[in-house]
Amino acid sequence: SQQQLNEDEEQKEEQFPQQAQQQKQEQPQHQREQGQPQNQNQSFFPNFLTKFFKQAKLYPDDEFKKLDETCQHLVIEAENDSTDQFFIGKCLIEGQNNFPKNVELGVKYLEKSISDRNIESTIYLCQMLYKGDIIQRDLKKAKKYLSKQLNSNDLRIFVLYGKINMKENNFIEARKYFEKASKESDLYSMYKYGKLLFIGCGGSKNIKDSIHYLQLSADQYYSDAECM
């Protein structure tokens with residue numbers, strides 16, 4: 001009936017304003033709910049320390065907070081720089097440049113640097129692994145690290161690799177790398193290579209060449225050669 005239609009229309013007119021008002025009330029709230037995390041992030045992430053703690057893989061955040069501003073900056077810069085990683089690792093092991101002495105953490109920095117083929121970190125850590133005075137001696141690990149740098153033609157790598165092979169009684173390899181280092185005028189290697197030639201260890205005897213290298217090292221005042 002017409003009366004029923006009129007009543008239905010009046011009900012719709014009453015409902016629509018309520019729905020519109022409800023939408024107006026709900027929409028800003030919905031926008032605020034979506035916008036709130038973004039606003040929080042905008043105020044949260046510009047803090048460089050927060051970024052660092054989220055990304056850092058090496059330096060513990062509780063220890064980081066104890067560092068002075070200069071050291072904190074170095075740590076942040078070192079996250080993706082193998083040279084800086086070597087510097088921080090060395091500082092931590094030796095307790096220098098306002099870094100606390102922390103050998104374990106220092107070794108982690110060196111290993112991270114070595115993973116990026118940093119030769120200074122390789123030599124520094126392998127010397128410690130060879131000596132065994134600061135960290136436990138591990139010749140196998142040292143050889144593993146050094147073997148990846150044998151193509152670098154770095155004299156220090158040859159000498160240390162020769163020393164480790166000597167310690168393992170692998171005289172063929174020791175002689176090979178002492179010879180390489182001798183040709184680069186390393187006095188210690190001249191002496192060791194001369195001795196190996198003299199007794200025929202790791203290869204055939206060669207008295208003439210042995211005397212040559214021993215004399216060269218003695219002429220440069222290498223003390224052990226002077227005592228021969």
Side-chain angles (χ1 to χ4, degrees), residues 55-60 63 74-97 99-197 199-204 213 217 222 224:
Q55 297 173 359
K57 298 178 181 178
L58 293 177
Y59 217 103
E63 294 297 322
L74 286 170
V75 169
I76 293 169
E77 291 295 316
E79 274 303 304
N80 298 300
D81 189 302
S82 66
T83 301
D84 289 342
Q85 288 161 6
F86 164 64
F87 177 77
I88 291 176
K90 189 171 182 288
C91 288
L92 286 166
I93 289 168
E94 299 179 4
Q96 295 181 347
N97 296 302
F99 280 94
K101 188 169 185 177
N102 188 330
V103 174
E104 182 179 356
L105 183 58
V107 169
K108 288 181 179 179
Y109 266 92
L110 294 177
E111 290 175 337
K112 173 63 175 174
S113 180
I114 289 171
S115 70
D116 290 329
R117 300 185 63 81
N118 185 284
I119 198 165
E120 299 301 327
S121 290
T122 301
I123 293 167
Y124 187 83
L125 179 57
C126 289
Q127 285 174 337
M128 291 195 298
L129 290 168
Y130 172 75
K131 293 177 181 178
D133 53 350
I134 298 175
I135 60 176
Q136 185 176 356
R137 171 178 279 184
D138 192 332
L139 300 181
K140 184 178 179 180
K141 183 181 284 188
K143 281 184 72 175
K144 177 183 175 182
Y145 290 144
L146 290 169
S147 65
K148 296 178 181 179
Q149 296 282 6
L150 291 175
N151 293 329
S152 66
N153 292 321
D154 189 294
L155 175 64
R156 298 168 297 171
I157 297 289
F158 295 158
V159 175
L160 190 50
Y161 198 72
K163 284 182 176 181
I164 291 172
N165 278 286
M166 281 289 289
K167 191 69 71 174
E168 295 180 329
N169 295 325
N170 187 353
F171 300 116
I172 294 176
E173 282 293 289
R175 181 165 162 164
K176 175 182 177 181
Y177 285 95
F178 283 142
E179 180 183 9
K180 286 177 177 287
S182 294
K183 291 178 179 178
E184 297 295 327
S185 302
D186 180 71
L187 300 181
Y188 173 84
S189 297
M190 287 179 183
Y191 169 69
K192 299 300 286 186
Y193 182 53
K195 284 188 67 176
L196 291 170
L197 287 170
I199 61 179
C201 202
S204 59
Y213 281 105
S217 60
Y222 186 73
D224 287 347

### Task
Verify, without hydrogens or angle tests, whether Ser121 (side chain) and Asn118 (backbone) share a donor-acceptor contact under 3.5 angstrom.
no
### Message
Between Asn97 and Phe99 (side chain of the first, backbone of the second, donor and acceptor by atom type, cut-off under 3.5 Å), is there such a pair?
### Response
no
### Query
With a 4.5 Å heavy-atom cut-off, do Lys148 and Thr122 have their side chains touching?
no
### Task
Determine yes or no for a side-chain-to-main-chain donor-acceptor pair under 3.5 angstrom, with Gln96 supplying the side chain and Cys91 the backbone.
no
### Query
Does a side-chain heavy-atom distance below 4.5 Å link Leu139 with Lys167?
yes
### Task
Step through the shown structure and confirm whether more than 12 heavy atoms of other residues, nucleotides or ligands are within 6.0 Å of CG on Asn169.
yes
### Query
Are Ser82 and Lys112 close enough that some pair of their side-chain heavy atoms sits under 4.5 Å apart?
no
### Query
Is it true that the side chains of Asn153 and Lys180 contain a donor and an acceptor less than 3.5 Å apart?
no
### Query
Should Leu196 and Tyr213 count as side-chain neighbours, where that means a heavy-atom distance under 4.5 Å?
no
### Message
When you compare the side chain of Phe178 with that of Leu197, does any pair of heavy atoms fall below 4.5 Å?
### Response
no
### Query
Should the ring pair Tyr124 and Phe86 be called parallel, tilted or perpendicular, given that the plane angle runs from 0 to 90° and is split at 30 and 60?
perpendicular
### Query
Which one of Arg175, Lys183, Lys176 satisfies the salt bridge (Lys or Arg N to Asp or Glu O under 4.0 Å) criterion with Glu179?
Lys183
### Residue pair Glu173 / Glu168, side-chain heavy-atom distance below 4.5 Å
no
### Query
Salt bridge check: are Arg156 and Glu120 linked by an N-O gap of less than 4.0 Å?
yes
### Message
Counting C-beta onward and ignoring hydrogens, is there a side-chain heavy-atom pair between Ile135 and Lys141 closer than 4.5 Å?
### Response
no
### Query
Tell me, do Ile164 and Leu129 make a side-chain contact under 4.5 Å, heavy atoms counted?
no
